[in-house]
Colleague: 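Input: one structure, supplied below.
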Amino acid sequence: EIETDKATMELESPDDGIIEKIIIPEGTEEIQVNSLIALLKVEGEDSSEADSTPIKPSPNSVVPPESKNIDTNISMASILGNNTEVDSNSNWTEKEITMREALNQAIEEEMIKDKDVFLLGEEVAEYDGAYKVTQGLLKKFGDKRVLDTPISEHGFTGLAIGAAMAGLKPICEFMTFNFSMQAIDQIVNSAAKSLYMSGGEINVPIVFRGPNGAAARVAAQHSQCFISWFSHIPGLIVITPSNARDAKGLLKSSIRNPNPVIFLEHELLYKEKTNVPIEDNFLIPLGKGNLINKGNDVTIIGFSMSVQRIIKALPEINKLNINPDLIDLRSIKPLDEDLIYKSVKKTKKVLILDTGTLDGSISGEILSKVVDEMWENLDIKPERLAMPNFPEATSFSLTKNYHINSEKIVNKVAEMLKIKVNIGNNFKKDHPHDVPGDW
């Protein structure tokens, strides 16, 4: 398997053979295109004729993870490890795994627990999923419960909703939520509204899941954030985890919920690792946010990928003698308003980060709620950071300033608290999956 900045892919060859030698070791990053990575011995071919000279890594190559000196002073794993508010039981047996592995565990555990749970979507079975979230599930549960579908989101979404109405519990994967637009009528007019229109007679226990938001240079049609879209629809629950631990606990709770759940994962977070409980009874309740850092100076609210940006910015914020409350919403609908109001009442200042464009955004909705409920507690006007109101381009030179980055967060916090700051180029690379360059 080869992991690019966009997907994890299986290596495919037009010839049958045996991999005789792996040239570049597992874990190596930033391998140049057209580099020789392995030797394939084909029947009748003399492998001695092949050039097996090891290729020297490029100057920009990154060494395998086991030989890195990783700075763990501030990370999602370390913050969650010290936070007892994530769940009610702190005695879990934990293992550090990626978000894609955590999602896979959640699906497997719930399929074992409940025979009515099944999985369907494009390439979820034979190919193990476009992002390898469903890896190994076909082998474990068979093709009656792990179904590859035609490339017809409108069709297989309707099939899944019908199955949910009939008493099953589908997990419907969209290869990307950009493609869910092909099935928007099914999601909005069938899944979300059936309970209401049937007078409470027809439940639709279904989870729609897949990657959401902008990845690295995948252009306008593959970079949209649909959090505000789906949050606007009565009858839908909207969940967006920022790390592997939350992803597992929230997905298990979503599968057990009797209502339709939109479960929005961020593509750039699939490889991120966090300590995750291995027990199959680990759950995180829907509708509860997480206070990942306690402070008194300002409330910073984020969700999904923006939480990673906040954590990246925290050391520089602390250098300004500012200690913020950091809130990871986790659940967008229902929203943990009590957690937000309690924090804002204490700090009297709030900055809201968004993963979508500014107009019509969730950050705007949260800002409105804060103003309505906490106006007398605010010292300064609430602020927010979101994407510009135009589609994302493909070119790196056009998109390098499109995203919210840690530098923007630090500068905005400093501006709010009237502190002069010039952090320069302290953030060369905001996230290990970002394309190289100064964000």
Colleague: Going through the distances and angles, do V146 and T134 end up as a side-chain contact (heavy atoms from CB on, under 4.5 Å)?
Modeller: CA-CA 9 Å; V146 182; T134 59; 5.7 Å; no
Colleague: Any chance you could measure E272, atom CD, to N243, atom CG, to the nearest 0.5 Å?
Modeller: 10.0 Å
Colleague: For A164 and P170, work out which heavy atoms get closest and say how close.
Modeller: CB-CD, 3.7 Å
Colleague: Which is it for E101 and T98 under the side-chain hydrogen bond (donor to acceptor under 3.5 Å, both in side chains) test, yes or no, and what are the steps along the way?
Modeller: CA-CA 5 Å; E101 292 171 315; T98 63; 3.2 Å; yes
Colleague: Would you say the side-chain atoms of S190 pair up with the backbone N or O of I187, donor to acceptor, closer than 3.5 Å?
Modeller: no
Colleague: Between K169 (side chain) and D114 (backbone), is there a donor-acceptor pair under 3.5 Å?
Modeller: no
Colleague: Output, in order, the C-alpha distance, side-chain angles, deciding distance and verdict of side-chain contact (heavy atoms from CB on, under 4.5 Å) for I327 and N293.
Modeller: CA-CA 7 Å; I327 295 176; N293 188 76; over 6 Å; no
Colleague: Within a 6.0 Å radius of atom CG on N321, are there more than 12 heavy atoms belonging to other residues, nucleotides or ligands?
Modeller: no
Colleague: Side chains of V410 and L320: does their closest heavy-atom pair fall under 4.5 Å?
Modeller: yes
Colleague: Which residues pass the salt bridge (Lys or Arg N to Asp or Glu O under 4.0 Å) test with E153, sequence neighbours left out?
Modeller: none
Colleague: Distance from M305 atom CE to F303 atom CZ, nearest 0.5 Å?
Modeller: 13.0 Å
Colleague: Restricting to non-hydrogen atoms, name the atom on I362 and the atom on I227 that form the minimum distance, rounded to 0.1 Å.
Modeller: CG1-CG2, 3.7 Å
Colleague: Less than 4.5 Å apart, side chain to side chain, heavy atoms only: is that true for D128 and E123?
Modeller: no
Colleague: Is there a donor-acceptor contact under 3.5 Å from the side chain of K21 to the main chain of L40?
Modeller: no
Colleague: C172 versus V207: any side-chain heavy-atom pair under 4.5 Å?
Modeller: no
Colleague: Just checking, K132 and Y270: is the charged tip under 6.0 Å from the six-membered ring centre and within 45° of the axis?
Modeller: no
Colleague: Show your reasoning for whether side-chain contact (heavy atoms from CB on, under 4.5 Å) applies to M181 and W229.
Modeller: CA-CA 11 Å; M181 294 297 96; W229 284 54; 3.1 Å; yes
Colleague: Would you say the side-chain atoms of T176 pair up with the backbone N or O of F179, donor to acceptor, closer than 3.5 Å?
Modeller: no
Colleague: More than 12 heavy atoms of other residues, nucleotides or ligands under 6.0 Å from CD1 of I19: yes or no?
Modeller: no
Colleague: Using 4.0 Å as the upper bound for N to carboxylate O, is an ion pair formed by K273 and E96?
Modeller: no
Colleague: Say you draw a straight line from CG of L335 to NZ of K288; how long is it, rounded to the nearest 0.5 Å?
Modeller: 11.0 Å
Colleague: Ion pair present between K113 and E110, side-chain N to carboxylate O less than 4.0 angstrom?
Modeller: no
Colleague: Can we say D354 and R384 salt-bridge, meaning some charged N sits less than 4.0 Å from an Asp/Glu carboxylate O?
Modeller: no
Colleague: Determine whether T240 and N212 make a side-chain contact, defined as any pair of heavy atoms from C-beta on separated by less than 4.5 Å.
Modeller: no
Colleague: Given H266 and Q308, is the side-chain hydrogen bond (donor to acceptor under 3.5 Å, both in side chains) satisfied, shown in steps?
Modeller: CA-CA 11 Å; H266 201 288; Q308 295 286 349; over 6 Å; no
Colleague: Does F177 have its ring centroid less than 6.0 Å away from the ring centroid of F230?
Modeller: yes
Colleague: Roughly how far, to the nearest 0.5 Å, is CG of L286 from CZ of R256?
Modeller: 11.5 Å
Colleague: Return yes if some donor-acceptor pair links the side-chain N/O of S35 with the main-chain N/O of Q32 below 3.5 Å, else return no.
Modeller: yes
Colleague: Give a yes or no answer on whether the side chain of R100 reaches the backbone of Y131 with a donor-acceptor pair at less than 3.5 Å.
Modeller: yes
Colleague: Quick one: which of L351, V350, L353, L326 gives a side-chain contact (heavy atoms from CB on, under 4.5 Å) with I301?
Modeller: V350
Colleague: Could you tell me if N290 and D328 have a donor-acceptor pair between their side chains, going purely by distance under 3.5 Å?
Modeller: no
Colleague: With side chains defined as the heavy atoms from C-beta onward, is the minimum distance between F282 and R245 less than 4.5 Å?
Modeller: yes
Colleague: Calculate, to the nearest 0.5 Å, the distance between atoms OG1 and CG belonging to T93 and N275 respectively.
Modeller: 11.5 Å
Colleague: Applying side-chain contact (heavy atoms from CB on, under 4.5 Å) to D185 and V188, what does each step give before you reach the verdict?
Modeller: CA-CA 5 Å; D185 177 64; V188 171; over 6 Å; no
Colleague: If you take all heavy atoms of R309 and N405, which pair is closest and at what distance?
Modeller: CD-CA, 4.4 Å
Colleague: Measure from the side-chain N and O atoms of N318 to the backbone N and O of N323, and report whether any donor-acceptor pair falls under 3.5 Å.
Modeller: no
Colleague: Taking the basic N atoms (NZ, or NE/NH1/NH2) and the acidic carboxylate oxygens, is any pair closer than 4.0 Å for K248 and E109?
Modeller: yes
Colleague: State, with a plain yes or no, whether a side-chain heavy atom of L159 is found less than 4.5 Å away from one of T157.
Modeller: no
Colleague: Without swapping roles, check the side chain of S254 against the backbone of L250 for a donor-acceptor pair under 3.5 Å.
Modeller: yes
Colleague: Closer than 4.0 angstrom, basic N to acidic O: yes or no for R330 and D246?
Modeller: yes
Colleague: Kindly say whether L283 contributes a backbone atom to a donor-acceptor pair with the side chain of K252 at under 3.5 angstrom?
Modeller: no
Colleague: Heavy atoms, side chains only, cut-off 4.5 Å: are I107 and L251 in contact?
Modeller: yes
Colleague: Heavy atoms only: give me the nearest E265-R209 pair and the separation to one decimal.
Modeller: OE2-NE, 2.7 Å
Colleague: For I151, look at atom CD1 and say whether over 12 heavy atoms of other residues, nucleotides or ligands are found less than 6.0 Å away.
Modeller: no
Colleague: Quick one: does N257's side chain have a donor or acceptor within less than 3.5 Å of a partner on S253's backbone?
Modeller: no
Colleague: Please report the closest heavy-atom contact between E122 and T149, naming both atoms and the distance.
Modeller: N-OG1, 3.4 Å
Colleague: If you take all heavy atoms of S304 and T355, which pair is closest and at what distance?
Modeller: CB-CG2, 4.3 Å
Colleague: Just how far is it from atom CG of L119 to atom CG of L147, taken to the nearest 0.5 Å?
Modeller: 8.0 Å
Colleague: Any side-chain heavy-atom pair from V261 and I206 closer than 4.5 angstrom?
Modeller: no
